[in-house]
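These notes concern the structure reproduced below.
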Amino acid sequence: MIKPRETHATDFSILQQRVNDEPLVYLDNAATAQKPQAVIDALTHFYQHDNANVHRGVHTLAERATAAYEQAREKVQHFIHAPEMETVIFTKGTTDGLNLVASTYGEQQVHAGDEIVISIMEHHSNLIPWQQLAIRKHATLKYIGLTADGELDLADAARQITPRTKIVAVTHASNVLGVVNPLKQLARLAHQNGAVLVGDGAQAVPHMKVDVQDLDVDFYAFSGHKMMAPTGIGVLYGKKALLAAMPPYQFGGEMIDFVHQQSSTWTQLPWKFEAGTQNIAGSIGLGAAVDYLTAYGMDRVHEREATLVANLLPRLVAMPGVTVFGPHDPAKHTGVITFNLDGLHPHDVATALDMEGVAVRAGHHCAQPLMAALHQVATVRASLYLYNTQADVERLLTAIQETKEFFNHGSVSAK
Ligand code: 7TS
């Protein structure tokens, strides 16, 4: 049985407010998730009791801060089933992790005439680093397309990935189409061709059980803030042999072994990739978010979202004047649902929904090539998380219906 929302009422006090005189319904979780009190308390506790820099002091606070920081890494390691703590690097977020791989592994391994393969549904964070690497190296950037119902086209993946391919970078779950991509299959395909598979886990890790060893991905990046941790903290997982052979990303304090006047050597993993004072409190907050999600159960997070989607998606698809992008089968869908209303600009729709207290995102969702492929300039997106309820779904559907009626019969005509 899924716990009712009431169980969490005190965990997410931000959700208990009214917006525009209506109780808030927060459906912008793909942009960022709300933070449970346990995460806020972990930050407060750290700053009230343990704040110090890590790995550089012998005093008690420094030791406590270091222990808490490294414990957070171990929590993340177990959460994604990474084999060793050395394979878990703290970053600023998904964007930072993907740039790290492009600027180090990519810089080292990609040469003129090589290929980098991504998909047309990538967030700009998993697109521009590869595009710019391809430009720098005179390599070719290739795109895996979509099937007619908005899933990754695996037949096209098999065509695009060739022995010239050095890197395949694909999102685990789309931030627009709400599909989950078969990373394990793509990793196999990449490996058969001598390439590595980079997974973008920004929309996956918060919502489903992820096992990086089972997926056999070579690199996997995700953000803390989408899984209820603070902003400015994220994780890059990488296979140890690959990370060990890579040059550092940034240079400075904490990532060195010895510094001489004209040369330096680097410390061991994972700290080789953690130059300068890190987001220590953020890491501890991420550890607390992992604890929260683990206690709730990732299977239950998935089950809860799937139950809501099974109700919401068919009703939205059946609404006249509504176009839903991505698969219409709820079983193929995450809690990310993207749509447009005929004749209405997505920003007007999002503003109208906000007037009803319903927070959604409108725009290109940092996926402009995908928008072009969908022949849309922008879309509306509702995205769910574990604290959303059936009542939230009803509020969204009612607000959409009212928006349609307002623009059809109100002062602004729909077409
Ligand atoms: N990859 C995917 C699939 C994403 O959805 C996002 C953020 C990122 C990468 C970048 O993550 P960051 O934490 O480094 O910024 N997606 C969104 C979104 O859909 N709306 O706001 C942010």
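As the structure lists them, so they are numbered: ligands from 1, and atoms in each ligand from 1. Only a predicted model underlies this, so the values are computations on that prediction, with no experimental measurement involved.
For atom 19 (O) of ligand 1, the closest heavy atom belonging to the protein is R381 NH1, 2.6 Å. The protein non-hydrogen atom at the shortest distance from atom 4 (C) of ligand 1 is H123 CD2, 3.4 Å. For atom 20 (N) of ligand 1, the closest non-hydrogen atom on the protein side is R361 NH1, 2.5 Å. Of all protein heavy atoms, the one lying nearest to atom 10 (C) of ligand 1 is S125 OG, 3.4 Å. Ranking the protein heavy atoms by distance from atom 5 (O) of ligand 1 puts Q203 NE2, 2.6 Å first. Shortest contact from atom 14 (O) of ligand 1 to any protein heavy atom: T95 OG1, 2.5 Å. In terms of protein heavy-atom proximity, atom 22 (C) of ligand 1 is closest to K226 NZ, 3.2 Å. Protein heavy atom at the shortest distance from atom 9 (C) of ligand 1 is D200 OD2, 3.3 Å.
Counting only N and O atoms by type, the side chains of E115 and T162 include a donor and acceptor under 3.5 Å apart.
The closest non-hydrogen atom to atom 12 (P) of ligand 1, taken over S223, G93, G97, comes from S223.
The aromatic rings of H347 and H345 lie parallel to each other, their planes meeting at an angle below 30°, with 60° marking the opposite boundary. Note: F90 and Y69 have tilted aromatic rings, judged against thresholds of 30 and 60 degrees for the angle between ring planes. A tilted orientation is assigned to the rings of F251 and W266, their planes being inclined by 30° to 60°. Using bins of under 30°, 30° to 60° and over 60° for the plane-to-plane angle, the ring pair W271/H55 lands in the perpendicular bin.
The distance from ligand 1 to the heavy atoms of N175 drops below 4.0 Å at these ligand atoms: 5 (O), 18 (C), 19 (O). Under a 4.0 Å criterion applied to the non-hydrogen atoms of T171, ligand 1 contributes the atoms 3 (C).
The aromatic ring centres of Y26 and F12 sit 6.0 Å or more apart.
The shell of residues lying under 4.0 angstrom from ligand 1, judged by heavy atoms, includes H225. Ligand 1 lies out of reach of C366, whose nearest heavy atom is not under 4.0 Å from it.
When all heavy atoms of N181 and T171 are compared, the pair lying nearest together is ND2-O, 2.9 Å.
Taking a 6.0 Å sphere around NZ of K92, one finds it holds 12 or fewer heavy atoms contributed by other residues, nucleotides or ligands.
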From CA spacing to verdict: salt bridge (charged side-chain N to carboxylate O under 4.0 Å, His left out), D156, R159: CA-CA 5 Å; D156 194 33; R159 278 192 296 273; 3.4 Å; yes
